[in-house]
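The structure appears below as structure tokens.
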Amino acid sequence: MAVPLLEAKGLKKSFHGVEVLHSVDLVLESGKAVALVGENGAGKSTLMKILMGEYRPDGGEIYLAGERIEFQNPHQALGHGISMIFQEMSPFPNLTVTENIFVGRECQRFGFLNKKEQKRKAQELLEGLGITLDINRKVKELTVSEIQLLEIAKAVSCDSKIVIMDEPTSALTDNEVKILFRTIKNLKEQGVAIIYITHKLDELDAVADQVCVLRDGGIISVRSIEEVDRDVMISEMVGRKLENIYPVVEKEIGNTALAVKNLSRGKEFYDISFEVKHGEILGIAGMVGSGRTEVLSALFGVYPAETGQIFVDGKELKIRSPRDAIRNRFAFIPEDRSRDGLNLMGSVRSNIGITRIGANSRCRRILADRRAEARCAEEMIEKMRIKVNDQEQQVNSLSGGNQQKIVVAKWLLTEPEIVFLDEPTRGIDVGAKFEIYQLIQNMAKEGKAVVVVSSELPELLGICDRVIILREGRIAGELDVCEASQEKIMSAIVNGRPEERERV
């Protein structure tokens, strides 16, 4: 029997006296991909950080090609051919694509930086992966999906024997996902082993040879992809059976809350018109780059529209800044919670209370009243079932699902009437998704007008009342969910004529 490329035996890890990994075993074979699935907080990140040398295990052993190893830091892991693509990307924004790929591994000649050779290798790498990026662009000019592709290229460039991918498709278009899957296939053919962490269970058939379910720090099951039953796998992940991931909430749809007429901004979107009623959930579908996020950012005043009108309850508003939007009871849950929605180094209390500084301050000064802030935080933690040790816990120590609940919680404290959510379940597990869907449905039940942007069509069909489709910055179609299907939405996304607004 061939020696596994990597074998972990009985790995244990505790924090503050609480064991979070319980005797975990994991086997990786050359040219194979193991999908690691489980709820946020199941122990996936802790396990990966041990394999990458960021954490030292409290028990157990790791073998690489039959030889026992103990990494002191991630640099040693990288030197032994283990690299990782993180979900929360952290490139150097002021460096170019080329410089980010080779940071710490710069091409040199006679002791000096060889920029020409570095650029040649970067271009060759990207072309080999089928990734179209300008190697001279600075990372701060890239979109989220372009940064994700850069991170993938960077990991592949290290000639790694083992590549760990943490939610690699969370910000990618369908075409970019195909590029990634093709890259994974090529890597496997070259003998590279893949650990693939994902909450998108539909991806498993295209990627995985084995599926490993982790729950509460322990391995629940390991099966070949042919033996996986989706319903059984979900039950193993969450510890209970989910009859319907999209909760049904009775609600009343009222009069028009938000009306948008002929909204345009530069080359990003043109002549956008739609309405959302009180108690209604409107979905916006489209490829990355179709103008979905840009429309929400204009409505919230982040980058205001150049032309067009915005009406709330029949009254025209001028939204020139987020302050204007908040004053008119708008809320915006952004696509990238780490970058735009949270202070990761701050406490749970301060993150939840940030939108109420004015209401919770003494004598209207900037300094917030900690007691009032604490009361608000406690109320939202209980209401939204946010799993924390205490209010002073740093947000960066929480799971993605709990971080997302905090973003929603801080905006609910402003008592909004119109709520925009951009990719609300990006990077969170199936159990946390269910709870986010419940929150969205409850917002609508309370009479709020809700607009949801999502790349996951089943999600839009499961929680929305209507869906509009954007293509190349224009509305290419609109349909009621009762008559909708993924095929109809994709047809409008791919074939819809941007110069015409049609009803699908």
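Scope of the values below: all heavy atoms of this structure, side chains included, with no hydrogens, waters or symmetry mates.
Note: Tyr437 and Tyr246 have tilted aromatic rings, judged against thresholds of 30 and 60 degrees for the angle between ring planes. Using bins of under 30°, 30° to 60° and over 60° for the plane-to-plane angle, the ring pair Phe71/His80 lands in the tilted bin.
Using modelled atom types, one finds no donor on one side chain facing an acceptor on the other under 3.5 Å when comparing Tyr303 with Glu268. A donor atom on one side chain and an acceptor atom on the other are found under 3.5 Å apart for Lys140 and Asn94.
Taking 4.0 Å as the cut-off between side-chain N and carboxylate O, Arg349 and Asp390 do not count as a salt-bridged pair. Using a 4.0 Å cut-off between charged side-chain N and carboxylate O, Glu70 and Arg56 make a salt bridge. Between Arg292 and Glu423, at least one side-chain N (NZ, or NE/NH1/NH2) sits under 4.0 Å from a carboxylate O, which counts as a salt bridge. Salt bridge status for Lys387 with Glu435: absent, with no side-chain N to carboxylate O gap under 4.0 Å.
Minimum heavy-atom separation, Ile219 to Cys212: CD1-SG, 3.3 Å. Annotation for Ile281 and Ile463: closest pair CD1-O, 3.3 Å, computed over non-hydrogen atoms. The heavy-atom pair separating Asp58 from Ser14 by the smallest distance is OD2-N, 2.6 Å. The minimum heavy-atom distance linking Ile333 with Val407 is given by the pair CG2-CG1, 3.9 Å. Across all non-hydrogen atoms, the minimal contact from Ala285 to Ile489 is CB-CG2, 3.8 Å. Minimum heavy-atom separation, Ala476 to Ala492: CB-O, 3.8 Å.
By the side-chain hydrogen bond (donor to acceptor under 3.5 Å, both in side chains) test, Thr183 is found to be paired with no residue, residues two or more places apart in sequence or in another chain being considered.
The environment of Gln72 atom CD is dense: over 12 non-hydrogen atoms of other residues, nucleotides or ligands sit within 6.0 angstrom. More than 12 heavy atoms of other residues, nucleotides or ligands lie within 6.0 Å of NZ in Lys188, so this atom counts as buried by the packing criterion.
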Could you list the donor-acceptor pairs under 3.5 angstrom formed between side-chain atoms of residues 123-134 and any protein atom two or more places apart in sequence or on another chain?
from   : atom 1 : to     : atom 2 : distance (Å)
Gln123 : NE2    : Glu127 : OE2    : 3.2
Glu124 : OE2    : Arg120 : NH1    : 3.3
Asp134 : OD1    : Asn136 : N      : 2.9

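Within the structure, ring-ring contact (aromatic ring centres under 6.0 Å, His included) contacts touching residues 43-70 (residues at least two apart or in different chains) are Phe15-Tyr55.
A donor-acceptor contact shorter than 3.5 Å links the side chain of Asp25 to the backbone of Gly10. A donor-acceptor pair is defined here as one N or O able to donate and one able to accept, closer than 3.5 Å; no such pair exists between the side chain of Lys119 and the backbone of Ile135. Although no hydrogens or angles enter the test, the distance criterion places no donor-acceptor pair under 3.5 Å between the side chain of Glu141 and the main chain of Arg137. Between the side chain of Gln118 and the backbone N or O of Cys107 there is at least one donor-acceptor pair closer than 3.5 Å.
You'll find the side chain of Val24 stays beyond 4.5 Å of the side chain of Ile50, heavy atoms only. No side-chain heavy atom of Val295 sits less than 4.5 Å from a side-chain heavy atom of Val451.
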Kindly determine whether Val232 and Arg223 satisfy side-chain contact (heavy atoms from CB on, under 4.5 Å), including the steps that lead there.
-> CA-CA 12 Å; Val232 171; Arg223 296 188 179 92; 4.0 Å; yes
Under the side-chain contact (heavy atoms from CB on, under 4.5 Å) criterion, do Asn351 and Lys410 qualify, and how do the steps go?
-> CA-CA 7 Å; Asn351 271 273; Lys410 75 175 186 179; 5.6 Å; no
Could you go step by step and tell me if Leu5 and Glu29 meet the side-chain contact (heavy atoms from CB on, under 4.5 Å) rule?
-> CA-CA 5 Å; Leu5 181 57; Glu29 297 179 8; 5.9 Å; no
